[in-house]
2 protein chains.
Amino acid sequence: MAPIRTPRSSWIDEGLRALAGGGPDAVRIEALARALGVTKGGFYWHFDDRGALLDEMLDTWERVSIDEVIDRVEGEGGDARARLRRLFALASSTPELLRVDLAVRDWARREPTVARRLRRGDNRRMEYMRSLFGAFCPDEDDVEARCMLAFSMFVGSHFMVADHGARSRADVVALALRRLEAE
Amino acid sequence: MAPIRTPRSSWIDEGLRALAGGGPDAVRIEALARALGVTKGGFYWHFDDRGALLDEMLDTWERVSIDEVIDRVEGEGGDARARLRRLFALASSTPELLRVDLAVRDWARREPTVARRLRRGDNRRMEYMRSLFGAFCPDEDDVEARCMLAFSMFVGSHFMVADHGARSRADVVALALRRLEAE
DNA sequence: GTCACTCTATACGCACCCGTATGGACGAGG
DNA sequence: CCTCGTCCATACGGGTGCGTATAGAGTGAC
């Protein structure tokens, strides 16, 4: 057994970095190789083709961005409002992961297979949020509206570039979130 | 003066169509030419290069997606809540225009010059929404939070793919909007 | 009919990228 | 020391796209 010099995971990580920076079109094998300091020779030893890499990139995105985040929020206890705030904090805490998430969302708009994965992930997250809002909010329509507003603000705030006078973007998001948590 | 066969505007329109469908990387001159039934020969008579086309595409996007929408909402009268609803309806009414808007938002995440244009546009729309929410909502923080929620839901809802049980996405958005319009 | 103007076709050089083929390099196990 | 497994470098063919150069077509003005 020889040692592993540039394992699959390096290619996947570098691919996710490229995806975050420039979208799926920026995931070019020769560019990744340059970034890793090798040539593409080894890439085709690990992967069948570019599509296989993209697939595995989406696998790891699903795992670390969705499953692990929810697990960590659940693991630390607190009431529903505390978990809600922690969910938002955690999801925005890793800039690199966040940018991958946003890139996947745009990608999903034109690739049905990506959209199917995103649907699975978004449904998981929404289901989890419903349980949190439902803990202190009896009306079902209201729960759905609050989930929608909270989730779409989490996503949409990164796709808009407005100023808010003296307030920072984070201030306004916190303000809005507090509004959604109200009785 | 000879007649105009494939004027600048054809290239810009076709470019916007490509942008809506596949992002800025999909705006390829030879592909646009094929779509227009000509070769790229004439393109370089109208434009210096690909960048010049992208620039003019953004010009027209700014004009028709922001200025004209606000003008039309204002032109038809009604109270603040009616205008708010019309603003949402109008902005979503033209699928093609909407998809350009979303593509520009993703594009802005990696191109500072695009981000600057988007900032200008988003500030205009936010300023207008502030005036509408401010008409029936006295607290300034509350106005800002509602604007943020409304705008980011408008944007974010198109970047998420969750199901809502028996409800349709449009139902949930309407539900959420009604919540934001409440006294 | 001629001219001027507005495109349009075609061909070229360059660069980038994909996927394949092939011959290694390099260290662990025997 | 030799072999095997794990990569890596290099070269190739094919495809696509950009921007340039150049010759020409089609139409209105005169």
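All values derive from a computational prediction rather than experimental measurement. Note: hydrogens, waters and symmetry copies are ignored here, and every other heavy atom, side chains too, is used.
Qualifying salt bridge (charged side-chain N to carboxylate O under 4.0 Å, His left out) partners for Arg116(B), counting only residues two or more places apart in sequence or in other chains: none. Looking at residues two or more places apart in sequence or on another chain, you find a side-chain contact (heavy atoms from CB on, under 4.5 Å) between Asn123(B) and Ala162(A), Asp163(A), Arg119(B). In this view, Arg17(B) and Glu14(B) satisfy the salt bridge (charged side-chain N to carboxylate O under 4.0 Å, His left out) rule, not counting sequence neighbours. Annotation: side-chain contact (heavy atoms from CB on, under 4.5 Å) contacts of Arg110(A) (sequence neighbours excluded): Asp106(A). In terms of the salt bridge (charged side-chain N to carboxylate O under 4.0 Å, His left out) criterion, residue partners of Glu30(A) (sequence neighbours excluded) are, by chain and number, Lys40(A).
For Leu32(B) and dC18(D), the CG to C1' distance is 13 Å, given to the nearest whole Å. Rounded to whole Å, the distance from CH2 on Trp45(A) to C1' on dT20(C) is 17 Å. Spacing between atom CZ of Arg8(B) and atom C1' of dT8(C) amounts to 17 Å, rounded to whole angstrom units. Whole-Å rounding puts the Trp11(A) CH2 to dG19(C) P distance at 13 Å. When the C1' atom of dT6(D) is taken as reference, atom CZ of Phe47(A) falls 15 Å away, rounded to whole Å. Atom CZ in Phe43(B) sits roughly 16 Å away from atom P in dA21(D) (whole-Å rounding).
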**Report entry** Nucleotide-resolved protein contact map, nucleotides 11-18 of chain C, B/S/- at heavy-atom distance under 4.0 Å
**Finding:** B-----BB

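Across dC7(D), dT8(C), dA9(D), the shortest atom-to-atom separation from the side chain of Val38(A) is found for dA9(D).
Heavy-atom nearest nucleotides on DNA chain D were determined for Asp48(B) and for Thr6(A), and the one closer to the 5' end corresponds to Thr6(A).
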Query raised in the report: So Val161(B) and Arg117(A), side-chain contact (heavy atoms from CB on, under 4.5 Å) or not? Walk me through it.
Result: CA-CA 9 Å; Val161(B) 202; Arg117(A) 281 170 180 272; over 6 Å; no

